[in-house]
Amino acid sequence: MSEFNLVVLPGDGIGPEVTEQAIRVLEAVCQKYGISLHFEEFLIGGTSYDEYGIPITEEALEACKASDGVLLGAVGGPKWDNLDKRVRPEAALLGLRKELQVYANLRPITIHDALRDASSLKPEFLEGVDILIVRELTGGIYFGEPRTTTVENGVTTSVDTMMYSNPEVERVSRKAFEAAALRKGKVCSVDKANVLESSRLWRKTVIETAEDYPEIELSHMLVDNCAMQLVRNPAQFDVMVTGNLFGDILSDEAAMLTGSIGMLPSASIGDGVGLYEPVHGSAPDIAGEGVANPLAAIASAALLCRYSLGLEEAAKDIEKGISKLLAAGYRTADLYSGSEDETLVGTKEAGTRVLECMGFKQESESNA
């Protein structure tokens, strides 16, 4: 029996609730394929700050680096909004990504037929939509220096620096080309090359890297046009590769194509340990109520199977289970419309129903 060591960082707000369901599904499917999982759990974000005075400890970081994969919930909340930026919950995410050197964030935008009416777009605009957004994760304006705020003659000035090197662009673009080779063979590189020097370097490097992938169709699009095209004709995209800031914004926009940001998983990968987390936030307003949508966390567990454990069939089993759940009409509160063919379920029951849809017999849970 193969064995893997995973680190779990439940985080803040609804993080522990949705992560619990992801672990249930992950354990069941891995057992089916003869895989033994060992979990080690650590605090991160606001809960870590409350306990240790820092958003992530060295012990947690070292455990993550020594693991086979990291499953993360969500961090942050109003309770910690006024902390110094160095100890805010979000600082843990930036530090974790940097330590693990996960420079490519993969966000699949999948349209489930059962949720077409929940999308912000009319159903006819969703035909054929299947997008993978590859976002550069450890460079750009979120990490560039200098990053300063100064006051001179009574005028306050703040500076953030958007900086990219060609090796940074090359390595993330290779991830995009490799992903496209397993899909429809198309990559759209998104930048602002008509204005920004860093984007001109980005485009030049992507073009040079593309020479190693002659079978891939490469196109380029300015980020403002891309934002428009995502709501005008999203089916034109296959794999999209872009920088940290642009990817952050575009992937959240694309999330609404699916019906809810609670549906979006993500995989942050590099050349070592992968980090897997739902795209949604900690939603402190519903924390503890048992109503959070766990499907993005469960789908993130599928990505962990695919990219870190090498279990493609297990990943497909989870994804099919989610699709069957939705087709059967089960909905968490964020997706529930009140239709007669829908059944409202809570966080734990959603996890139970996914397991049942995957063929694992479970005892039914209450909606709470």
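Below, all heavy atoms of this structure are taken into account, side chains as well, without hydrogens, waters or symmetry copies. Each residue takes its place number in the sequence, starting with 1.
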Would you tabulate the side-chain donor-acceptor contacts of residues 217-226 under 3.5 Å, counting partners in other chains and residues two or more places apart, or write 'none'?
from   : atom 1 : to     : atom 2 : distance (Å)
Asp224 : OD2    : Lys192 : NZ     : 2.9
Asn225 : OD1    : Gln229 : NE2    : 3.3

Original post:
If you round to the nearest 0.5 Å, how far is CG of Leu230 from CD1 of Ile249?
Top reply: 12.0 Å
**OP:** Report the distance from atom OG1 of Thr332 to atom CG of Leu326, rounding to the nearest 0.5 Å.
**Re:** 8.5 Å
Original post:
Closest heavy-atom contact between Cys30 and Leu311?
Top reply: SG-CD1, 4.0 Å
Original post:
How far apart are the closest heavy atoms of Val190 and Trp202, and which atoms are they?
Top reply: O-NE1, 4.1 Å
Subject >> Cluster check Tyr276, Val8: I/L/V/M/F/W/Y, side chain < 4.5 angstrom >> reply: yes
Subject >> hydrophobic_cluster_shared for Ile35 and Val29, side chain cutoff 4.5 Å >> reply: yes
Any donor and acceptor pair, going by atom type alone, linking the side chain of [X] with main-chain N or O of [Y] inside 3.5 Å?
X: Ser266; Y: Glu277; value: yes
X: Ser251; Y: Asp248; value: yes
X: Arg200; Y: Ala193; value: yes
X: Thr161; Y: Met163; value: no
X: Thr352; Y: Lys348; value: yes
X: Thr19; Y: Pro16; value: no
X: Asn153; Y: Val155; value: no
X: Lys186; Y: Gln236; value: yes

Using a 3.5 Å cut-off and no angle test, enumerate the donor-acceptor pairs between side-chain atoms of residues 281-288 and protein atoms at least two apart in sequence or in another chain.
from   : atom 1 : to    : atom 2 : distance (Å)
Ser282 : OG     : Gly76 : O      : 2.7

Flag if over 12 foreign heavy atoms under 6.0 Å of [atom1], [X]:
X: Glu215; atom1: CD; answer: yes
X: Asn82; atom1: CG; answer: no
X: Glu342; atom1: CD; answer: yes
X: Lys324; atom1: NZ; answer: no

Original post:
Does Tyr103 have Arg171 sitting over its ring (NZ/CZ under 6.0 Å from centre, angle to axis within 45°)?
Top reply: yes
